Amino acid sequence: MQRTLVIDSLEKVGQTVRLCGWVDSKRDHGKVTFIDLRDRTGKIQAVGIGGKLSELSNESVVEITGPINTRGEKMVNPNLPTGSIEIFVEDYKVLNKAAELPILVEGDGRDVNEEMRLKYRYLDLRRERMQKIVRLRSKFYQALREQLEKKDFTEVETPMLTKSTKEGARDFIVPSRFNPGKFYALPQSPQQYKQLLMTAGVENYYQFARCIRDEDLRADRGFEFTQLDLEMSFVTQQEVMDNVEEIVKNAVKKVGAKLKDEVFPVIPYKEAIEKYGADKFDLRSEEEKKENVLAFAWVVSFPFFKKVDKKDIAEVRDGKSGWTFTHNPFSSPIPESMEDHKNAENIENIITAQYDLVCNGYEAGGGSIRAHDPEVLKKTFEIMGYSDQEIEASVGHMLEAFKLGTPPHGGIALGLDRLVMLLAGENSLKETIAFPMSSSGKTSIMDAPSEVSDEQLKELGILIAPNLATMKK
Ligand code: ASP
C-alpha cells in the first residue's frame, strides 16, 4: 500500500491508509492508547486498542495501517488541522525505536542549552519552529530563483578552492598535497570569478554562494554564510539597484512578508550617520516591529577609503599606506571622484560606487559598480600602498582580463541567512542555518575542528610547532 501523508488523510475518510512518521506524543488510557503521529505535513491522532501502540516511545518512527474515521463531535480537536479525524490502528510496525531523548523536541527550544541543541541538531530541527524555518528558507530560494530566471540571469558555480579574494577578512587556507608548502584559500566571496564571468560574456550571473571568512566570532556568527551573489554587464548603479529591488521585493512578498515601502528609500551615507548614527538603521515604527514588517532602504555614497585600524590584522595587511578600502577594492569610484582617484588626491573624499541594502537595522546586502578599467583598479591598490610587484601577485590576473574585452559591470551580494532571519522574525542567524557553528567555532554534531593523523600531516608536509601557544603571541 502506498504511503499517505497525514494532511491528505482528510480526504480519505472511510478508506484504509498507510501513514508513516514519528510518535509526537502518547496518551495511555489502559484499554486504549492514543498517539499523535507526526510527518512533515502535520499530526494526526492514532487510536490503538488491546495494547496496540502502548509500547511506543516518543520520537520512535512508525508505520500505521488502518481506516481513517471521523471523530465524534465532542472529540474534535479544533487546534489540529486533522482534528476532526483519526486513524484506527489495525496494524503497525516500529521502523526505528527511539531511546530516551537527550533534548526535548516539543516546544520552541529556546530554553534548551545551545551546546545541546547543536550537538543534537537533528532532534532540534524536528521541532515545529525549526521545520518552518527550514522550509521557509527553501521557499525563499525558489522565489528568488524564479525572479532571476525571469530576468534572464544564468546560474554559474565558482570554485571553492581558490586564491585569496579581498573582502576584508582573514582567509581560511587549505594545504595542497600536490604542492607541499602551498595553499588554497577558501572563497570569502566569488567576487573575482563573478567579474571574470562578465569578461566571459555571461552578462547576467547569479549563484547561491557559500562564503567563508575567518572573522572573529560573535555570538551570532559562524565562519560560513550564504549569499545570493549576482553581477550584471552594461549597467548603471541605478539599474542594478532597480533590478535588485524588484527581485527582493517580489521574492519576500511571495513568502508572505509585508513591506514598509514599495519603493526603497535611498539615503546617502553621511545623512545616515547624522540621522541614525550608523549606516544600518531600523525605519519601522513600534507597531510595524510587532507586525514584523520589513523596512528596506539603500545606503549610497560611501567613502572609498578609510584609515587602517591597527588592531585589525587583515586591514593592516591590505592597507600598507595607512589607507584601506571601506567596502570592496574592486569597486569603481563614482564619476565625480574619478579625477581625485586617478591622482591619489583628497583620498578621504573619494566616494565609491557602492550601495548597501539595509533592512530592519541590519545590512542585508552590498554591491557596487566595479572598476573595469585596469588603470583604475591598479590605482586603488597603489593608494593602499601596494608595490607593482604586490599588485601583480594579488590582482595581476584581473588587470590582464580587463585588457582583453571586459564590459562595464556591477553587482551585489545579499546575505541570505540574514534575510531568512528577518523573514522568520528570528533574532539569531543560527536559527536560520540547518547546521550552524557554535559560538566557539565548533561544528554542529560532528566535532570539528579536530586533529588529523600523522600520515595526513606528513603527506602535506606540515609539522605542528611544539610551542604553538607561545608562537601565537
Ligand atoms: N563581494 C561583495 C561581498 O561579498 C559583494 C559585492 O560587491 O558584490 O560583500
Side-chain angles (χ1 to χ4, degrees), residues 144 148 153 155-160 162-172 185-199 202-215 221-233 235-237 239-241 243-245 247-248 269 279-280 298-306 314-315 318 324-334 351-359 362-372 376-377 380 394-395 398 406-419 429:
L144 288 167
L148 289 155
F153 275 78
E155 186 168 7
V156 185
E157 286 161 59
T158 53
M160 293 302 284
T162 173
K163 200 173 155 144
S164 171
T165 273
K166 307 204 169 311
E167 293 286 355
R170 277 193 207 88
D171 288 317
F172 256 97
L186 298 178
Q188 291 190 31
S189 86
Q191 182 69 35
Q192 298 188 45
Y193 283 113
K194 73 170 165 176
Q195 291 194 245
L196 294 170
L197 285 169
M198 300 301 103
T199 312
V202 170
E203 292 200 20
N204 284 355
Y205 140 93
Y206 81 95
Q207 177 178 201
F208 287 78
R210 307 298 299 277
C211 303
I212 298 152
R213 300 182 187 179
D214 190 357
E215 292 184 290
R221 190 171 68 184
F223 296 126
E224 313 179 33
F225 58 95
T226 311
Q227 292 183 336
L228 169 56
D229 194 47
L230 61 87
E231 198 74 9
M232 305 170 81
S233 290
V235 281
T236 61
Q237 175 167 339
E239 283 167 332
V240 182
M241 288 163 65
N243 273 290
V244 172
E245 191 165 319
I247 291 165
V248 169
Y269 170 75
D279 56 3
K280 15 186 188 297
W298 291 103
V299 184
V300 296
S301 306
F302 291 92
F304 201 131
F305 299 100
K306 64 172 184 185
E315 277 193 17
D318 279 333
T324 186
F325 57 91
T326 59
H327 284 76
N328 190 334
F330 296 98
S331 299
S332 172
I334 60 167
I351 302 292
T352 165
Q354 168 86 23
Y355 30 83
D356 275 3
L357 185 64
V358 299
C359 183
Y362 293 94
E363 186 189 320
S368 64
I369 295 297
R370 324 297 182 185
H372 78 289
V376 178
L377 181 60
T380 301
S394 47
V395 290
M398 299 299 282
T406 297
H409 59 280
I412 198 166
L414 302 169
L416 291 173
D417 306 312
R418 193 153 279 162
L419 281 169
L429 293 174

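Start at 1 and go down the list; that is how both ligands and their atoms are numbered. As the structure is a prediction and not an experimental result, all values here were calculated from the model. What's counted below: heavy atoms across the whole structure, side chains too, no hydrogens, waters or symmetry copies.
- H409 and S233 make their closest contact through CB-CA, 4.0 Å (heavy atoms, listed as atom of the first residue, atom of the second, distance).
- Annotation: side chain of R370 is not in contact with side chain of M398 (no heavy-atom distance under 4.5 Å).
- Between atom OG1 of residue T326 and atom CZ of residue F304 there is a gap of 7.5 Å, rounded to the nearest 0.5 Å.
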Show your working on salt bridge (Lys or Arg N to Asp or Glu O under 4.0 Å) between E363 and R418 and close with a plain yes or no.
-> CA-CA 8 Å; E363 186 189 320; R418 193 153 279 162; 5.9 Å; no
Starting from the N and O atoms of ligand 1, collect every protein N/O partner closer than 3.5 Å and put each pair on its own line with the distance to 0.1 Å.
{"residue": "ligand 1", "atom": "1 (N)", "partner": "E167", "partner atom": "OE2", "Å": "2.7"}
{"residue": "ligand 1", "atom": "1 (N)", "partner": "S189", "partner atom": "OG", "Å": "3.3"}
{"residue": "ligand 1", "atom": "1 (N)", "partner": "Q191", "partner atom": "OE1", "Å": "2.6"}
{"residue": "ligand 1", "atom": "4 (O)", "partner": "R213", "partner atom": "NH2", "Å": "2.9"}
{"residue": "ligand 1", "atom": "4 (O)", "partner": "Q227", "partner atom": "NE2", "Å": "2.9"}
{"residue": "ligand 1", "atom": "7 (O)", "partner": "Q191", "partner atom": "OE1", "Å": "3.4"}
{"residue": "ligand 1", "atom": "7 (O)", "partner": "N328", "partner atom": "ND2", "Å": "3.0"}
{"residue": "ligand 1", "atom": "7 (O)", "partner": "R370", "partner atom": "NH1", "Å": "2.8"}
{"residue": "ligand 1", "atom": "7 (O)", "partner": "R370", "partner atom": "NH2", "Å": "3.4"}
{"residue": "ligand 1", "atom": "8 (O)", "partner": "K194", "partner atom": "NZ", "Å": "2.6"}
{"residue": "ligand 1", "atom": "8 (O)", "partner": "R370", "partner atom": "NH2", "Å": "2.8"}

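- Aromatic ring orientation, W298 versus Y355: perpendicular (interplanar angle above 60°, classes split at 30° and 60°).
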Hey, mind stepping through T158 and Q207 against side chain to side chain donor-acceptor pair (under 3.5 Å) and telling me if it holds?
-> CA-CA 8 Å; T158 53; Q207 177 178 201; 3.0 Å; yes
